[in-house]
Protein chains: 2
Amino acid sequence: MNAPNPSETAFSIAAVERDTGLAKDTLRVWERRYGFPSPTRDANGERLYPADQVERLRMIRRLLDHGRRPARIVGASVEELSAMLDACLCPEGGTPAGRDDGLLQLVRLHRSVELAAALRQALMKQGLQRFVAETVAPLAAAVGEAWMRGEVDVPEEHLFTEQVQNVLRSAIGAHAASEGRPRVLLTTFPEEEHVLGLLMAEAMLVPEGASCLSLGTRTPLADIRSAAVSGGFDIVGLSFSIAYPARQAIEGLLELRALLPEEIALWAGGAAVRDKQKRLPGIHVVGDLEDTMAALLQWRRTHA
Amino acid sequence: MNAPNPSETAFSIAAVERDTGLAKDTLRVWERRYGFPSPTRDANGERLYPADQVERLRMIRRLLDHGRRPARIVGASVEELSAMLDACLCPEGGTPAGRDDGLLQLVRLHRSVELAAALRQALMKQGLQRFVAETVAPLAAAVGEAWMRGEVDVPEEHLFTEQVQNVLRSAIGAHAASEGRPRVLLTTFPEEEHVLGLLMAEAMLVPEGASCLSLGTRTPLADIRSAAVSGGFDIVGLSFSIAYPARQAIEGLLELRALLPEEIALWAGGAAVRDKQKRLPGIHVVGDLEDTMAALLQWRRTHA
DNA sequence: AACCACGTTTGTCCTGGACAAACCGAACTC
DNA sequence: GAGTTCGGTTTGTCCAGGACAAACGTGGTT
């Protein structure tokens, strides 16, 4: 069962790039500069990364996503990395008390059938908005933390995304296509692939009678503008995951703000833009889902 | 409006990699070997690809996806490439007569609002199965052809996928989660990102009373096996887009067949596996959507 | 018609050097 | 105290040109 088959315990540079998201050039230059990683070589002189080094690289990648810089962490031991990862979690201390980790366990154990069933059941019981606020959002946060800890990986994250997407899209579609105001256009910037933020926003807005259209992820700026103008939208909503570089988000938002006619509002949500309101004049930063509801009410008051 | 701003008419190698899907190493080695592309250089000696060369590279990429080899096409002129692309389309000659290209126009013109509305309307009128067979599938084929011709690009393809996904997922969700047989597990291999094939299959099967679970795209083989076994599925369905290398599909399918218990059937659909039935013993190749229905009937007859 | 051996094509990997953009912290201004 | 400007440092990406294994097509054989 655990035969030390090299093809199972060591990885080519291309495989490591896929697994860690670190470019081949980056892996080579780290080796040159910091002495890590230090892959062995195969008969042909090509790098072979042992599994434990790949694991360390994954931890490093997670820390980079949280804003650390390479110099201090590429040389660190597994224990030090682990300590840093812990420090990143719950900076205010302590896991939210009483959170239901049952769903998280289903994700971790790949229990796809049970997960799908449990999500549908929660939706029925809570209704769409409470389902999003009380089940999906906490679960997404829990999966994100587990990701940081290395307890979930790409396939688990994928399973989670897919099942939540299924449930949310069906529920959103069940609301009769509304003609109500405001008309909201939802999407992300071209470098952002995460779709759940959009779906959660849509799921909060649609039951309130807003009419939403999602362009999906990765829409070029010019396309956002033309869709917003030609579709007669009142609001454009952008979503940013935690891994999106804050600087790039701000730059892109300001550019889009300049592109859009004044009467179309621009809303931005997600970890990358939280607390950046002062740097984003003319843009409404929505910190969380409740903020979204508040923003909606405010818009309606203003445009009565 | 059309100021010859170099930053708008020339692209870095990284930008070309993103736009064409051709790796940086590949672009450099083609330049060395075939003399094309032949980018200019910026002040720092870095490659700058003019827009027309990027366009040619895109055409080349499309031909590669259809099985051509680089030696004959990398040196070709735009006219020759264009002729080859035409030859790839409708090898039997002639566009399907009377096809409704209205939806395709909406995709090409980025009319997201109208597209979403038209799709919903078609669904209402036709019902889920006919909608998939008569509207979605032809539209997907038309978008694929337009992609080959260069008339649609990433953003248009993305818009199309997103809107169809929305409509199909809500329609599928509207069917009460069925307990019926067979129980079908749907997914793709890790290198395959296209999700529409899965959704179309699910949309055909669910109204027949089958109970489907989609794991989404990019599921590792081992995860497919464990999900299929632990979920008590009767059938595992895999979908392959036209760009998926046939060789890799066959290899992966045989490996998965060996991994799965005998009593779980394995179905494969999509352009990459069409006409490969003889090379896939123990695997059911479904050529098109009607084949899927036939396969379902046959399964029920066998397992009565 | 299916299969295998052989030469060719083709993408990926290598080294080691270079540089610009991103980033940090300190000094400075409002 | 909050924000800005400015050097110095870090860091990712790019370059050249060589090498090789895997993928591919072809022609001969069963």
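Proteins come first, then strands; the chains are lettered A, B, ... in the order of their sequence lines, and each starts at number 1.
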(message) Under 4.0 Å, counting only non-hydrogen atoms across every strand here, what does A/Arg28 touch: a base, just sugar-phosphate, or nothing?
(response) base
(request) With heavy atoms under 4.0 Å as the rule, sort B/Asp25 into base, sugar-phosphate or nothing. (result) base
Choose from [options] the nucleotide whose nearest atom is closest to any side-chain atom of [X].
X        : options                : value
A/Ala23  : D/dC24, D/dT13, C/dC19 : D/dT13
A/Lys278 : D/dG3, D/dC14, C/dC19  : D/dG3
B/Ile13  : C/dC14, D/dC14, C/dC23 : D/dC14
A/Arg47  : C/dC14, D/dG12, C/dC23 : C/dC14

Has the side chain of [X] got a donor or acceptor that lies under 3.5 Å from a partner of the other kind on the base of [N]?
X        : N      : result
B/Arg33  : C/dG11 : yes
A/Arg32  : C/dG17 : yes
A/Arg279 : D/dG3  : no

(request) Starting from the 5' end of DNA chain C, give me the residue, A/Gly67 or B/Ala71, whose nearest nucleotide shows up first. (result) B/Ala71
(request) Give, for atom CG of B/Leu48 and atom CD of B/Gln53, the distance between the pair rounded to the nearest 0.5 Å. (result) 11.0 Å
(message) Using OP1 and OP2 only, check whether a side-chain N or O of A/Arg41 sits under 4.0 Å from C/dT15.
(response) yes
(message) Taking the cut-offs as 6.0 angstrom to the six-membered ring centre and 45 degrees off its axis, would you call B/Arg56 and B/Phe36 a cation-pi pair?
(response) yes
